2 protein chains.
Amino acid sequence: MATQTEPRPRARDPLTRERVLRAAVDLADREGIDALTMRNLARELGAEAMSLYYHVANKEAVLDGVVDVIMDEINRAVSAVDVPPATEDWKVVMRSRILAAREVLLRHRWASRLIETRTAISPTTMRYFDELLGVLHAGGFSYDLAHHAMHALGSRGLGFTQELFEPENADEGDEEMTEAMAEMAGQFPHLTGMMMEVAHDDPDSTLGWCDDQFEFEFGLDLILEGLEATRQRSGA
Amino acid sequence: MATQTEPRPRARDPLTRERVLRAAVDLADREGIDALTMRNLARELGAEAMSLYYHVANKEAVLDGVVDVIMDEINRAVSAVDVPPATEDWKVVMRSRILAAREVLLRHRWASRLIETRTAISPTTMRYFDELLGVLHAGGFSYDLAHHAMHALGSRGLGFTQELFEPENADEGDEEMTEAMAEMAGQFPHLTGMMMEVAHDDPDSTLGWCDDQFEFEFGLDLILEGLEATRQRSGA
DNA sequence: ACCTGAACACCGTTCAAGT
DNA sequence: ACCTGAACACCGTTCAAGT
């Protein structure tokens, strides 16, 4: 056994586009998307940063590839959940597909923000949306209305949570919290009222009181039902 | 008159947090958000990068401040459009507010992406959402339902277009285009079908065929109507 | 064919120093 | 009080060079 005291030996198979992209996803999962630099990625693979450029054009290509890996995982998850073939309600199929996609994005929380920065659309991504369109079309939507439907869903169609200002760190002390709220009451009566009403309904919650999964499904169902109503109305 | 041959003289008033932030917005408008570096920003102001640190804590604080400037512009635009006080339909008020906010974001196209990266929520931003909540509450929503409504709107409540994969550069040659489509037809029947149907309805459009404003309003109205139906149903 | 070292032009930021 | 120069630890990327 050769002496190896390197901090990160990492069985040194030859590099590969695949290995590079997989390492990139792992790195982002483990240390966040900001840690995904060419130098860190290379170290992860036991190589030098410059070696990566033999397998990928540049960092942008790495990011494109990483999104592709995620979209592939989504496609896999979606086709795995799609088992019940006897379902005739397009809303049920759509819903379960989107929720499956969402689960993947929850496993890679950096991914949705990254996906939004892509300008080109890869075949893997096209496949996802093509199948979604297929569900609508099979459900009685004209392609024209299906087109509007896809826009109405927007990024929610991939399972994105739409939240602005995710709490991120709801670790603020309780006293600072109530103090801030007192100051808030005057300036922002409705925000204050809302928080008080919700706190009354469910005393356990002060901050971090939003059930993301519930809110996502609420918004999704609202849109799906609106689309179904539009479809029936337009007879298309 | 003193000799001045500097490329960017820029009347050299003392720096100010306000001047720094305004220059930052101008710079992002003119050259894109990536050009907003501390060094570029300083040059814009006829100063050195290090001088900025006397007025702002760091770059993150600049970005927070920039978002605040934009949110202030939104609040101004919203209150300017809010003139008709006799309107009793909350949907009309909500719609016009959100469309006004959207116009501001269209003037600063880099802004929505930046806003999404903020973790803290400033008073200026709170004001916007507080007023939006006020419209819902005045329209007969319980704060609890209004809360769900805000989640359902998500970033659309600020006028964000939800589009994944904005075309960005729809400058692809027509021949490459049709070639790509031919290849696509097999793999992505529904995307192909959709494009053909839309092209048939409106022959002028092949790519860049989406009317963003129409799609935004379609999706927005879908949600607003869904919320109104939910409100009536829940009797809240 | 695959990998690397040295180097370049950038970042944000610190710190001691200038006026 | 306000601004700056030099320096540090990072980036992505090039290019000529190694095996």
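Just so we're on the same page: letters track the sequence lines, and every chain starts at 1. All of these numbers come straight from a predicted model, not from anything done at the bench.
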Can you tell me how the ring of Trp110(A) sits relative to the ring of His108(A), calling it parallel under 30°, perpendicular over 60° and tilted otherwise? perpendicular
Subject >> Heavy-atom side-chain contact between Leu106(B) and Arg102(B) under 4.5 Å >> reply: yes
From CD of Glu48(B) across to C1' of dT4(D) the rounded distance in Å is 7 Å
When every non-hydrogen atom of Ala77(A) is compared with those of Val104(A), the smallest separation belongs to CB-CG2, 3.7 Å
Between CG of Leu52(B) and C1' of dC2(D) the distance, given in whole Å, is 13 Å
**Report entry** Neighbour count >12 (heavy atoms, 6.0 Å) for atom CZ, Arg95(A)
**Finding:** yes
From CG of Leu41(B) across to P of dT13(C) the rounded distance in Å is 12 Å
Produce the list of close N/O pairs, under 3.5 Å, pairing protein atoms with atoms of nucleotides 15-19 of chain D; give distances to one decimal.
none

Practice item. Measure from the ring center of Phe129(B) to the ring center of His190(A) and say whether it is less than 6.0 Å. Key: no
Item to complete: Could you walk me through whether Met195(A) and His147(B) pass side-chain contact (heavy atoms from CB on, under 4.5 Å), step by step?
Response: CA-CA 9 Å; Met195(A) 291 179 77; His147(B) 172 227; over 6 Å; no
note: Leu15(B), atom CG; dC2(D), atom C1'; distance rounded to Å ~ 9 Å
Output field dot_bracket for DNA chain C (Watson-Crick or G-U, both distances under 3.5 Å, | for other-strand pairs) contains ||.|||||...|||||.||
What side-chain donor-acceptor pairs closer than 3.5 Å can you find for residues 59-72 of chain A, not counting sequence neighbours?
| from | atom 1 | to | atom 2 | distance (Å) |
| --- | --- | --- | --- | --- |
| Lys59(A) | NZ | Leu36(A) | O | 3.0 |
| Glu60(A) | OE2 | Arg118(A) | NH1 | 3.1 |
| Glu60(A) | OE2 | Arg118(A) | NH2 | 3.3 |
| Asp64(A) | OD1 | Arg118(A) | NH1 | 2.8 |
| Asp68(A) | OD1 | Ser122(A) | OG | 2.4 |
| Asp68(A) | OD1 | Thr124(A) | OG1 | 3.3 |
| Asp68(A) | OD2 | Thr124(A) | OG1 | 2.8 |
| Asp72(A) | OD2 | Arg76(A) | NH2 | 2.2 |

Tyr53(B) meets the ring-ring contact (aromatic ring centres under 6.0 Å, His included) criterion, sequence neighbours left out, with none
Contact list (N/O, under 3.5 angstrom) for nucleotides 10-12 of chain C vs protein:
| from | atom 1 | to | atom 2 | distance (Å) |
| --- | --- | --- | --- | --- |
| dG12(C) | OP1 | Met38(B) | N | 3.3 |
| dG12(C) | OP1 | Lys59(B) | NZ | 3.0 |
| dG12(C) | OP2 | Met38(B) | N | 3.1 |
| dG12(C) | N7 | Arg39(B) | NH1 | 2.4 |
| dG12(C) | O6 | Arg39(B) | NH2 | 3.2 |

Taken to the nearest whole Å, OH/Tyr54(B) to P/dC2(D) is 4 Å
Self-check item: Below 4.0 Å: OP1/OP2 of dA1(D) and any side-chain N or O of His55(B)
Solution: no
Test item: Met94(B) and Leu153(B) side chains (from C-beta on) under 4.5 Å apart, heavy atoms: yes
For residues Val25(A) and Asp29(A), determine if any side-chain heavy atom of one lies less than 4.5 Å from a side-chain heavy atom of the other. yes
Sorted by chain and number, sequence neighbours left out, ring-ring contact (aromatic ring centres under 6.0 Å, His included) with Tyr143(A) holds for His137(A)
